[in-house]
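Labels below follow one simple rule: chain letters A, B, ... track the order of the sequence lines, proteins then strands, and each chain is numbered from 1.
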Amino acid sequence: MSGTVVVSGLSVASPNGLGTQDYWSATTAGRSGIGPVSRFDASSYPAGLAGEVPGFVAEDHLPGRLLPQTDRMTRLALVVADWALADAGVRTQETPAYDMGVATASSSGGFEFGQNELRALWSKGSQYVSAYQSFAWFYAVNTGQISIRNGMKGPGSVVVSDQAGGLDAVAQARRQVRKGIPMVLTGGIDASLCPWGWVAQMSAGRLSTTRDPARAYLPFDAAAHGHVPGEGGALLVVEDEEAAHRRGARSLGEIAGYGSTFDPAPDSGRPPTLRTAIEIALRDAGITADDVDAVFADGAGLPDLDRAEALALTEVFGAGGVPVSVPKTMTGRLHSGAAPLDLAGALLAMRDGVIPPTVNVSPSPGLALDLVCETRPARLGTVLVLARGHHGFNSAMVLRAPRTRQGDR
Amino acid sequence: MTQRHFTFDDLRIILREAAGLEDDVLGDDALDAAFEDLGLESLALLETGSRIEREYGITLDDSSLTGSKTPRALLEIVNGELATAAA
């Protein structure tokens with residue numbers, strides 16, 4: 001075992017494209033998937049825009065048996081898991097069951113499923129509540145269903161730390177691989193675009209109420225005033241580099257470094273700790289700030305949080321010291337699915353030598369960031385991905401391009 | 001009160017809704033197939049029982065429900081309850 005953990009396959013369900021190819025061509029073209037909510041009537045709510053995954057028909061991909069027992073987020077996760085495993089060339093039926101683990105992130109669980117069952121409970125009575133409510137809403141359900149469907153009986157876990165969880169789960173997968181599990185499927189797919197999920201998100205006070213898709217979510221812009229929520233995410237197959245090499249799999253890149261911190265209480269007078277998370281991740285990767293070729297930022301889209309993130313970045317990299325992008329401006333914030341989607345985007349960006357853009361944003365000059373607002377060609381050997389979760393979670397992950405590919409350049 | 005009779009066709013409809021079983025596994029030979037072989041795990045059986053209870057206004061004992069191994073055995077349990085309810 002090398003201790004080096006690589007990504008050998010991935011797939012995505014993104015508001016600007018279902019599947020890697022659609023997502024990536026839209027993302028490099030700066031095409032947004034944000035639009036009016038169509039999954040329910042949001043006309044009477046203050047917020048009305050979302051990033052919805054287009055063209056997903058669960059019946060086309062999954063056996064009927066799974067439909068009565070799954071929320072939309074689980075259906076998306078099961079299909080994306082199939083695609084990610086295929087992308088990695090993993091044949092689960094021919095692989096020892098205990099050699100394959102699953103570690104996903106979740107932030108809300110199956111809200112739409114849960115809402116329907118709660119509605120049945122209060123309007124008709126307990127006899128009308130589906131027996132599947134016992135697990136279909138649950139945070140760990142994507143991990144469990146992926147494990148059952150693919151016979152992956154190695155360690156299974158779920159991490160719940162809001163948006164930061166998307167990186168924390170991948171870090172957990174790396175830990176399992178380093179402990180000797182040859183392969184772990186990881187990442188996160190979230191979906192809670194239903195009235196219950198909507199109200200829950202509104203209560204956090206961070207949703208943009210603008211109805212113009214081009215003006216609603218503007219991280220690092222002087223006009224930042226909230227974010228657009230979305231659904232989807234990405235799943236990655238991670239494995240030990242030598243093991244991947246032995247079975248003839250290619251590497252898309254290495255999970256080279258990871259750091260996570262939790263902020264002090266807001267009234268403590270102590271500063272937030274995103275900077276520390278970045279420094280831990282760089283140290284873990286054995287690199288310095290100079291080695292980082294691009295940052296995929298968290299991009300909260302609220303003035304205070306944007307300022308805090310910009311400050312952490314300029315403290316570590318210097319003013320304008322590294323290209324920064326927020327491809328989330330094309331998808332909205334996908335909760336636990338956001339950071340895995342950024343990891344997928346960063347791996348593809350390294351492959352193709354291009355930084356995807358932050359759309360619709362005029363960077364606030366006071367923040368001193370080199371914000372990438374048009375797709376930018378760049379040699380990318382190392383990319384840093386950041387994710388913050390509500391109430392103080394900060395995580396940072398360093399990806400390194402595959403060695404052979406670096407050598408090619 | 002006339003006694004309702006619960007047929008395999010009635011059960012087929014409920015199995016499609018409750019457990020998403022598809023028509024190709026619900027042929028006539030499925031009557032004596034093990035639920036397990038039909039792809040019905042214990043929770044799906046509970047959901048099936050719950051729908052039968054709702055539609056037929058009866059109460060099924062959970063342990064006899066999960067103890068039934070085939071559609072034929074389940075039909076007998078349900079029709080037994082329907083007979084009791086009608087008596």
Inset, instruction - Apply side chain to side chain donor-acceptor pair (under 3.5 Å) to the pair A:Gln145 and A:Thr74, showing each step before the final yes or no. - result: CA-CA 8 Å; A:Gln145 290 280 25; A:Thr74 303; over 6 Å; no
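Side-chain rings of A:Phe40 and A:Tyr45 approach one another, their centers coming within less than 6.0 Å. A ring-centre distance under 6.0 Å is not found for A:Trp137 and A:Phe113.
Contacts with chain A were tallied for B:Gly20, B:Ala18, B:Gly49, B:Ala44; B:Gly20 has the most, counting heavy-atom pairs under 4.5 Å.
Under 4.0 Å is where a charged nitrogen must lie from a carboxylate oxygen, and between B:Arg16 and B:Asp23 at least one such pair does.
Neither the backbone nor the side chain of B:Glu55 comes within less than 4.5 Å of any heavy atom of chain A. Contact annotation for A:Phe135: only side-chain heavy atoms (C-beta onward) come within less than 4.5 Å of a heavy atom of chain B.
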